[in-house]
Structure formats: structure tokens, C-alpha cells
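Notes to accompany the following structure.
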Amino acid sequence: MARAYTLDDRAGAPHRCDRAMTRLSEYLLPTEKQPPADAEAISHKLMVRAGLIRQMGAGMWSWLPAGWRVHQRAVAIIREEMDVIGGQEMLMPVLQPAEPWRKTGRLEIDELFKLTDRKGSELVLAMTHEEAVTFHVAQLVRSYRDLPLILYHFQVKERDEPRPRAGVLRTREFIMKDSYTFDRDQAGLEERYELHVGAYDRIMQRTGLRFYRVESDVGMMGGLGAHEYMAPCPAGEDQVALADGYAANVEVALKDPDVQQAGEGYTLRGQELRIEPAIEVGNIFKLGTRYSEPLGASYLDENGAEHAVWMGSYGIGPARIVAAAVEQFADEHGISWPRSLAPFAVHLVALGKPGTPERAAADELYATLREAGVEVLYDDRDLGPGEKFADAELLGCPLRLTVGRRSLQSGEIEVQRRRGREDAPAIALGGDPNALLAAVDELWQSLP
RNA sequence: CGGGGCGUGGCGCAGCCUGGUAGCGCACCUGCUUUGGGAGCAGGGGGUCGCCGGUUCGAAUCCGGCCGCCCCGACCA
């Protein structure tokens, strides 16, 4: 009866093997009726209220168990797609010697945290890992035969942000997947870049987010091209300019000669240009030799001639994906996760007092679902129905199953889809477990 | 970094103007009742009022300094 191990959120079953303890009576899910007094952004309010995150200081957040599950969902999707394009996962330190940063000229950046150890050595807390990865490649790559490479990791980034804001949307410490490509020449870089475009498109599609890939300003990086992945949402800090078949960072759009001012707004070749707030969840850059030259990352070609390695760098923030999903799909009752990101597939609500027949039926259903590997959060607390339903809608798992006295009478489990809060056809209670699981799987397929 | 605001129990707040030793709602604990949309009754626990200093017989309250947090803007490899 055990299911195959799978993370396939689009075609697969609503679960993976999951032995985590998920009885709400024993789970740390501190829900709140009221949002924090100073919260503005929807995602900030709801993620705190739903018990996903807690703040420790300005721009410093902890992920509580359910929130971390969501974060790790995003991580798993990203990891799969990076591996598909040949990425090799590794891990580099956050605490680093200042020297490589001096060489690349980035030691002067205000947002870079700098510190000194007890011996007086200068250290930094990395805000990205170009210096680290290039340092290693400079040491390890000698020949054209060693290239190309796609290296990546999920690692904490530290940034002395002048103004952290909006919960987890802009923090001073956050996890980023950053990958780095190393090629012999520009043509190779273009190839690696296109692979990332494909991977990022698939990542974004799999998260279920509404998003745009926009051309971005290469800015002071002096790079050879760059794109940003933008998720439109009310709390977004950036703006995207949109028209049919057109999406661009607003700064880029306003430099476009085809864009004309028209009264209050702008037009593109006669079309109205819409401007929407959005959050930048990912960005990709063609770096060229910006880092390889100062750090001495070079290789010898077939003729024994030395060349600088051509690099690209590619970032994506799982926390921003999570927050953007909250922003895009929340309603007045709470969060409504796309199934690929949901902390649990099924939120099972048991009504009635512990010790009653309806509780026994719910216990049995919980056991059946768990045994099958379905990720289920079981609300077995001794609380009234109102509180349980409210918490379930706040947390936003895609499917809610309810077992109460009524279910025993009708012989059916009630099912609600979180998105739209609509009832789905009830499922027979206590019959063939395989039929029950098939019904849950089928429902899962119908979800966004 | 400029402008604005706020720090009182776990959360949300009142009290401060007009100084007299802290209160409300929710949450929490115990008991009984209740159980299909955030329950009822009774009893109970928890706060150096952000920190330091000053004024005063006496400071959550007045004065000075510092720290922290939020919002708007600037910023955001």
C-alpha cells in the first residue's frame, strides 16, 4: 500500500513518504486571531497568524515547523529543476575571509556585513557567493576539459539592509539558491544561461505562482544581460510594465524608445502599458569575466593559451516564492496554498469529544492516510468546530476532510477544497482503503 | 540615511495630558457543562510598564539620554 517516493507536484499523488508527527495536539502551530499590530503586508499578517513564522528582530525571522515545510517545498522544486539541467549541489560558507572581496572591489559595499575575529583577521558575512565559488574554481579548474560547470547551493545570505520590511519579503538574512556557471567562452555562457531560463520557467510554473520573466537593467554589474522573475502581488517592491506580449522591469520599459507617455500613463506602440507591483523572486545574470579576472579563474585551451572563464550567476529566493504565494492566493479567511507548496496535502478535522465513535473513525482515517504516505495534518485537539475550521482555513491546506457525528450517520467524509471554499463530492467512510485513497488522489489532481 | 509613529503579561489594547504603586479583551491553568463555524459558568496563574539617569515624600505617568520595532521615502550585487 505504501506509495512510491515522489515529489512530483503536478502529476503525482498528494504526498511523499512522510513520517513526521502531525497531530495538531502535539504540533507547534501557534495560530493567532489578530495579526501583529505593526504588520501591513498580507503575507506578513497571514504567515504570522497561521503560525508559519515568528520574528526575532528587524529582518530576522524564524520558520516554525509548518512554515519550514512550505519553505522546503519550494527548495525541493528548485533542487529538482537545477539537477535536471546538470547543476551540481555543494555548500559554501557564509563566514568568509575579506580578501577575495577586496580583490573584486566588493568589500566597499555598504550592505556587506564586515567583522573581525579575535586575531584581528578581517572577515565578511557573504551576501552572495561569487567570490567563494570563483575562488574555488580558480584553484580547481585548469583545462578547457574541466568546463563547463554548473555549481549551486542553498545557503544563507546576510545583507545589512537599510530597511527590512514586510515580514519575510525583505530580510537581512535569508536562504537563496544561487548557482554559478563556468564556460570557456561567451557562446558557452549563452547556453548555460538558456538552460537556466528553462529551469527557472519550470520552477515558477511548478510553484503555481503567477509570474513574469522580464528583462532587467544590467546596472552596475556591467553584465551582458539579465532577467528577473517577478511575481505580481500587492506588497511587491518592484514594478513591472505589461502589455500584450510584453513584460519588462519598469525602469527598462521607460527607457524603451517605443514607450510613450500618454497623459497619466504610458503606451507601447499604441497599446496601454499597465504597471503592476511585483516581488522579485529570482534573477539571472550573464557576468562575463567580472569575477574570474580579479580572482584568477582561467583555463588553458587546446593550444595551451590561457583564457578567463566566462561566468553567469543565478539566484532565487524560496522565502519570496512562499510569501508571493500567500499574497497571490489569500482570501478573507486566510492562506490558500497551491498544492505544490502546501505544508500538508490534507487537513483532517475531527469533530466531537475524544473517546467518541466519530473520533475513532477519524483516528482510523488518519492512520489509513498516513500509511499510504499522504501528508496529513490531523486536528485531534479538544476544541469546538468553529476554531478548527477557522484554523484550517487560515493555514490553507488544499483539501479539508471533516469527520464528525454527521459523517457517521451519512457514512461519508466531507471534503472541502480550500481554494474558493467549495465543497467537493463526499468520500465513503470506512470502506475499501484503496477506493478512499483513489478518491483523494483524484481530488488532488483537480486542484490548482 | 531623511520624515512619521510606537514600546504596558503570550497577542491586541486602555491608563500617561491632570504623579499616589497597573487594568481590559483574547490566550493560558483547574473543575463542571458544551461540541458542525472562533462556547458557558465558577475559580486561578502570569507584568522590574524597553533600558539608564534625573525631578519628587512618591514615577507606567514629568524631564534628559540611549536602545528596539513599524510605516512612507531613498536604497535593494
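As the structure is a prediction and not an experimental result, all values here were calculated from the model.
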Quiz prompt | Complement of B/C57, any strand, by Watson-Crick or G-U distances under 3.5 angstrom | solution = B/G20

Quiz item: Who are the salt bridge (charged side-chain N to carboxylate O under 4.0 Å, His left out) partners of A/R202, not counting sequence neighbours?
Solution: A/E81

Quiz item: What nucleic acid atoms does A/I109 come within less than 4.0 Å of, heavy atoms only: base, sugar-phosphate, or nothing?
Solution: nothing

Practice problem: Determine the contact category for A/L383: base if any of its heavy atoms lies under 4.0 Å from a base atom, sugar-phosphate if only primed atoms, P, OP1 or OP2 are that close, otherwise nothing. | Solution: base

Quiz item: What does A/D238 touch in the nucleic acid at a heavy-atom separation under 4.0 angstrom: a base, only the sugar-phosphate, or nothing?
Solution: nothing

Quiz prompt | Under-3.5 Å donor-acceptor pair between A/R165 side chain and B/C72 base | solution = no

Quiz item: Looking for any heavy atom pair under 4.0 Å, which part of the strands does A/A126 touch: base, sugar-phosphate only, or nothing?
Solution: nothing

Quiz prompt | Complementary nucleotide of B/C66, counting Watson-Crick and G-U pairs under 3.5 Å | solution = B/G50

Quiz item: Is a donor-acceptor pair below 3.5 Å formed from side chain A/S407 to base B/G36, judging by atom type as modelled?
Solution: yes

Exercise. Look at A/E422 together with A/R417 and state whether they make a salt bridge at an N to O cut-off of under 4.0 Å.
Key: yes

Quiz item: Would A/T134 and A/Y180 count as having a side-chain donor-acceptor pair, cut-off 3.5 Å?
Solution: no

Self-check item: Non-neighbouring partners of A/E276 that pass side-chain contact (heavy atoms from CB on, under 4.5 Å), sequence neighbours left out
Solution: A/R210, A/Y212, A/P232, A/V240, A/L242, A/R274

Exercise. Write down the partner of B/C26 under the Watson-Crick or G-U wobble criteria, each distance required to be under 3.5 Å.
Key: B/G10

Quiz item: Under 4.0 Å: is that the gap between some side-chain N or O of A/R163 and OP1 or OP2 of B/C70?
Solution: no

Quiz prompt | Interatomic distance where CG belongs to A/D110 and P belongs to B/A74 [whole Å] | solution = 18 Å

Quiz item: A/G315 near the nucleic acid: base, sugar-phosphate alone, or nothing, with a heavy-atom cut-off under 4.0 Å?
Solution: nothing

Quiz prompt | Distance, rounded to the nearest Å, where A/M56 contributes CE and B/G68 contributes C1' | solution = 13 Å

Practice problem: Scan A/D382 against the nucleic acid and name what it touches under 4.0 Å (heavy atoms): base, sugar-phosphate only, or nothing. | Solution: base

Practice problem: Could you check whether A/A390 gets within reach of a base, just the sugar-phosphate, or nothing at all, counting any heavy atom under 4.0 Å? | Solution: base

Quiz item: With a non-hydrogen cut-off below 4.0 angstrom, is A/Q55 in contact with a base, only sugar-phosphate, or nothing?
Solution: sugar-phosphate

Exercise. May I have the distance from A/Q239 (atom CD) to B/C76 (atom P), rounded to whole angstrom?
Key: 15 Å

Quiz prompt | Pairing of A/R381 and A/E387 as salt bridge, 4.0 angstrom limit | solution = no

Quiz item: Between A/E332 and A/R421, is there a side-chain N and carboxylate O pair less than 4.0 Å apart?
Solution: no

Quiz item: Which parts of nucleotides 7-15 of chain B does protein reach within less than 4.0 Å, heavy atoms only, written one letter per nucleotide 5' to 3' as B for base, S for sugar-phosphate only and - for none?
Solution: ----BSS--

Quiz item: Does B/U34 have a Watson-Crick or wobble mate here (both distances under 3.5 Å), and if so which one?
Solution: none

Quiz item: B/A77, B/C69, B/C76: which one has an atom nearest the side-chain heavy atoms of A/M60?
Solution: B/C69

Exercise. Between B/A59 and B/U21, how far apart are the C1' atoms? Round to whole Å, please.
Key: 9 Å

Exercise. Measure the spacing between OG of A/S446 and CG of A/D441 and express it to the nearest 0.5 Å.
Key: 11.0 Å

Quiz prompt | Touch class at under 4.0 angstrom, heavy-atom based, for A/R359 against every strand present | solution = nothing

Quiz item: Taking the six-membered ring of A/F329, is the NZ or CZ of A/R419 close enough (under 6.0 Å from the centre) and on axis enough (within 45°)?
Solution: yes

Practice problem: Determine the interatomic distance between C1' on B/A39 and the same-named atom on B/G25; round to the nearest Å. | Solution: 16 Å

Exercise. Would you kindly check whether a donor in the side chain of A/E393 faces an acceptor in the base of B/G37, or vice versa, at under 3.5 angstrom?
Key: yes

Quiz item: Which part of the nucleic acid does A/R400 contact within heavy-atom distance under 4.0 Å: base, sugar-phosphate only, or nothing?
Solution: base

Quiz item: Do A/T128 and A/R106 have side-chain atoms, one donor and one acceptor, less than 3.5 Å apart?
Solution: yes

